[in-house]
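Excluded from the calculations below are hydrogen atoms, water molecules and symmetry mates; all remaining heavy atoms, backbone and side chain alike, are included.
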Amino acid sequence: MRKLYLASWIFFGALVWIAYSAPADVGVGSLRFTHPAVPEFTPRGVAASWFGEIRPFCNPVEVETRMSWTPPPDGFEGAAFAAACFALAGMTDRARSMIDDLGGDDRWRAAGVVFNVAHPVADAGNDAAAGPIMELVVEFWPNHYMALYHAGMARLGLGDDGGAAEYLVRFLEHYELQDGWTSSARMALEELGAR
């Protein structure tokens with residue numbers, strides 16, 4: 001019985017691994033979107049654990065108080081996750097300041113952490129919340145094509161045609177695959193040109 005129990009857990013683990021290693025495939029109408037592999041830096045350890053605990057408080061009402069009670073761990077990872085928390089709370093100036101305080105490659109790496117944390121917000125279509133965060137990512141990682149795409153689509157959704165066009169053109173300069181993301185960006189640019 002014990003061997004059967006162990007075998008069922010191994011089988012379940014293999015199914016979970018397969019499910020999470022397969023690319024997310026999303027369709028809208030005739031367009032197919034597969035999330036491309038974006039170079040990323042995903043820290044693990046103390047800072048990630050700290051963020052897991054503080055994440056529910058990354059909102060404009062509670063973030064300042066919670067951060068004073070439970071400050072982030074020292075070092076790059078703590079600063080990156082703290083910046084992500086402030087960005088989620090809509091305090092992008094505060095997040096920018098934290099990233100600015102880092103040096104060299106740690107700046108774009110921290111922007112990658114912010115992107116990873118905020119990407120589900122962008123995928124959910126919350127343009128008002130995602131747009132400023134994606135623009136923050138692009139400030140520190142100018143060729144981050146998925147951040148460029150989401151920043152452009154957020155600007156489009158908010159009615160800023162000029163900003164949308166700028167980000168989407170830059171997205172197309174850096175993104176080489178011919179897929180749903182490319183088609184979506186081109187259609188948005190055609191729509192902007194027709195206005």
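- Residue Leu177 is grouped with residue Leu189 when hydrophobic side chains (ILVMFWY) are merged at heavy-atom distances under 4.5 angstrom, including chains of intermediate members.
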How far apart are the C-alpha atoms of Glu191 and Arg186, what are their side-chain angles, what is the distance that settles it, and do they pass the side-chain contact (heavy atoms from CB on, under 4.5 Å) test?
CA-CA 9 Å; Glu191 177 186 328; Arg186 286 189 179 135; over 6 Å; no

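- A 4.5 Å side-chain heavy-atom check between Tyr149 and Met134 finds every atom pair outside the cut-off.
- Note that Arg155 lies outside the cation-pi zone of Tyr167, set by a 6.0 Å cut-off to the ring centre and a 45° limit from the axis.
- Looking only at distances, no side-chain donor or acceptor of Thr70 sits under 3.5 Å from a matching main-chain atom of Met67.
- Judged by distance alone, with hydrogens and angles left aside, the side-chain atoms of Trp108 form no donor-acceptor pair with the main-chain N or O of Val137 at under 3.5 Å.
- Scanning both residues, Ala128 and Pro132, for their nearest heavy atoms gives O-CD, 3.3 Å.
- For the residue pair Ala129 and Val121, the shortest heavy atom distance occurs at CB-CG1, 4.0 Å.
- Between the side chain of Arg170 and the main chain of Pro142, a donor-acceptor pair closer than 3.5 Å is present.
- Between Phe115 and His150, the two ring planes are tilted [angle within 30° to 60°].
- Between the CG atom of Leu156 and the CE atom of Met187 there is a distance of 11.0 Å, given to the nearest 0.5 Å.
- Closest of all the heavy-atom pairs between His174 and Leu148 is CD2-CD1, 3.7 Å.
- We find that Arg94 and Glu64 are joined by a salt bridge, their nearest charged nitrogen and carboxylate oxygen being less than 4.0 Å apart.
- Between Phe140 and Ala111, the closest heavy-atom pair is CB-CB, 3.8 Å.
- The aromatic rings of Tyr175 and Tyr145 are tilted relative to each other, their planes meeting at an angle between 30° and 60°.
- Nearest heavy atoms, Leu102 versus Ala79: CD2-CB, 4.0 Å.
- The stretch residues 74-162 participates, sequence neighbours left out, in these disulfide (SG to SG under 2.5 Å) pairs: Cys58-Cys85.
- The disulfide (SG to SG under 2.5 Å) analysis of residues 163-193, with sequence neighbours excluded, yields no pairs.
- Nearest heavy atoms, Glu135 versus Ala151: CG-CB, 3.9 Å.
- Formation of a donor-acceptor pair under 3.5 Å by the Ser183 side chain with backbone atoms of Asp179 is found in this model.
- The aromatic rings of His144 and Trp141 lie perpendicular to each other, with more than 60° between the two planes, well past the 30° mark.
- Taken together through direct or relayed side-chain contacts under 4.5 Å among Ile, Leu, Val, Met, Phe, Trp and Tyr, Val169 and Met146 form part of one hydrophobic cluster.
- Counting heavy atoms from C-beta on, the side chains of Val63 and Phe86 come closer than 4.5 Å.
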